[in-house]
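Below is one structure, written out as C-alpha cells; the observations come after it.
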Amino acid sequence: MTAPIIQVRDVVLRYGDFTALDRVSLDVFEGEVIVVCGPSGSGKSTLLRCLNGLETFQEGEVIVDGENVATCRNLPALRRRIGMVFQHFELYPHMTVLQNLTLAPIKAQGLPRAEAERLAMDYLTRVGIADQAGKYPGLLSGGQQQRAAIARALTLQPRLMLFDEPTSALDPEMIFEVLQVMKNLAVLGMTMVVVTHEMGFAQEVADRVVFMDRGAVIETAPSAEFFASPKTPRARAFLKRILRIG
Amino acid sequence: MDWQVVLNNSSLLARGLTTSLELTLFAIAASLPVGCLLAIGRLSKQRWLSLFCASFVNVMRSNPLVLVLFWLIFLVPLIIGHRVPNLAAVSVAFVVFFSVYFSEIVRSGIQSVGRMQISAGLSTGLTRGQTMRHIVLPQAVRAMLPALTTQCIVVFQGSTVAYVVGYDELLHSSSMIAERTGRPVELYIATAAIYFLVSLAGSLLARRFETKRSRA
Ligand SMILES: Nc1ncnc2c1ncn2[C@@H]1O[C@H](COP(=O)(O)OP(=O)(O)OP(=O)(O)O)[C@@H](O)[C@H]1O
Ligand SMILES: [Mg+2]
C-alpha cells in the first residue's frame, strides 16, 4: 500500500489556554473521500486549516503530499497542490469570475494569461457556469458562487481538495447543485476532506467518516459502519440530533 | 452691492485659491502616507506599536487644528529655543492633524476586508504580499474612496487655518481685499461661493465612487 497523501500525527493546537485540537491523528489515502463532522466549535475548520498551513500548531506533525507542513520552506507551492473551498465562497468581489480563477495560476504558478484562461474556462464549463465567466461574483446566485469557488481551486489542478462546510451558507435548492459537483469530483478520483453536516452526501460519497468533539477525533469509521452503528455515545447522540433536524 | 470689486480683484482671489489648493494637495500628499503608517501600526500585532499609534490618534483627534498650530507657534519655540518658521509650522500642523483622520479611514478600509479573503488568497498559493496587493488592498481602497474624498474636502476647508500665520491662502487674500476696498460683504459671499463650488466638486466625486462601489 502507498503512503497516505495526508498524515496527521498527534497534532495539538492551542489558542492561549484553550485547546482547539487535542492530539488529533488522521491518515487519508489517495482517492479517498473523508467526511469530517461534529458539533460547532469541535475544531473541524481548525483541522482543515492545519492541513494547508493556514494555522500553526504547537505539537505533532502534518505531512501532506510528502511535505511536512510545519517546516515546509515553500508553503505557497504546497498550497497550490491543496485546493480549499470555504463556507462563504470567498470569491474576490472586485474581480470577475474568470479573473478570480486566473489570479493564482498567473501570479503564483506563472502561467501565461491565455493558458490560465483556457484552463479556467475548462473548469467553469465542468461546474456548469461557463456563461458566468465575465460577471462579478456578486451577481451570481449562492450556488453559482460556490461552484465558481470550487472551479477556482480546481484551476490549480490540485492533488487534493479541502471543503469547509461548502453548502451551509446556501439555500436548500442550491445545495444540490454544489453537492453534485462534489460528487462528480469524487467519482473522478479526487482526494477530498469535506467538513459537512450533509449526511446524505456522507453516506453516499464518503469512504470514511471522522467524528470530532471538543478538539479531539472521537471516532473514525467507514461510512456505512458509522451510520449503521456509531461506536461512541457522543457520535450516536450527534447523529440522532443531526438526522432529526437535517 | 457692487460685484465689480470681485471682478477687479479676481486675479488676487485666483492666486489665493491656487495657494489654498496647493496647501490642500501638500497636506493630503504628506498626511495620507503617514496615515497609512499609523493605520498599519494600529493593526500591528506588536502591542506597544499599536498602543502607541492608538494613543497618538486619540490625543490628536481631541484637538482642534488651530490649537495644534498654536502649539507649534507658541509652545514649541519655548522648548527648542527659537521660533518655528510659518511654513514649517503650518506643514507640521497639517500633517500631524490630518494624518490622524486619514489613518482612521485607512484602518477601517483594511478591516472591512474579511479575514477569510486572506485565507482564500493564501490557499491558492499566493504569497502574503501578493494577497495584500491583489486581494486586500484593492478592496480596501474601494471601501475607503468615498470617505477619503470627503476627508480631502475637510482638508481643503481646514487649509484656511494657514490664515492665522498670515499665509496668503484664499480666505486671507479675500479678507485683505475686503479691508482695502471696504467691501467685505461682496468678497465674503464670493469667497463662500468658491469654497462651496470646490467642495461640491469634491462631494460629487465622492458620490461617484460610492455608486461605482455599490454596483460592483
Ligand atoms: N483565532 C482563534 N482564537 C481563539 N480561539 C479560536 C480561534 N479560532 C478558533 N477558535 C476556537 O477554536 C474552536 C474550534 O474552532 P473551529 O472553527 O475549528 O470549530 P468548528 O468545528 O469548525 O466549528 P463550526 O461548526 O462552528 O464551524 C472554537 O471554540 C473556536 O472558538
Ligand atoms: Mg468551522
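These figures come from a predicted structure and were not determined experimentally. Below, chains carry the letters A, B, ... as their sequence lines are ordered, and counting in each starts from 1.
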Handout entry: Segment of B:Gln117 engaging chain A (4.5 angstrom heavy-atom cut-off)
Key = both

Problem - Contact origin within A:Leu156 toward chain B - heavy atom pairs under 4.5 Å - result: side chain

Handout entry: Under 3.5 Å side-chain donor-acceptor pair for A:Glu55 and A:Tyr15
Key = yes

Practice task
Compute both the distance and the angle, then confirm whether A:Arg152 meets the cation-pi test with A:Tyr92: under 6.0 Å from the six-membered ring centre, within 45 degrees of the axis.
Solution key: yes

Exercise for the section: With a 4.5 Å cut-off on heavy-atom pairs, point out which of A:Ala77, A:Gly83, A:Ala108 contacts chain B the most. Expected result: A:Ala108

Problem - Residue among A:Lys107, A:Arg80, A:Gln87 with most heavy-atom pairs under 4.5 Å to chain B - result: A:Lys107

Handout entry: Side chain proximity check, B:Phe26 to B:Ser91, heavy atoms < 4.5 angstrom
Key = yes

Exercise for the section: Drop me the distance from A:Leu48's CG to A:Phe163's CZ, to the nearest 0.5 angstrom. Expected result: 10.5 Å

Practice task
Let me know if A:Arg49 has heavy atoms under 4.5 Å from chain B in its side chain, its backbone, both or neither.
Solution key: side chain

Exercise for the section: Let me know if A:Leu75 has heavy atoms under 4.5 Å from chain B in its side chain, its backbone, both or neither. Expected result: neither

Exercise for the section: Look at the aromatic rings of B:Phe70 and B:Phe74 and report parallel, tilted or perpendicular, splitting at 30° and 60°. Expected result: perpendicular

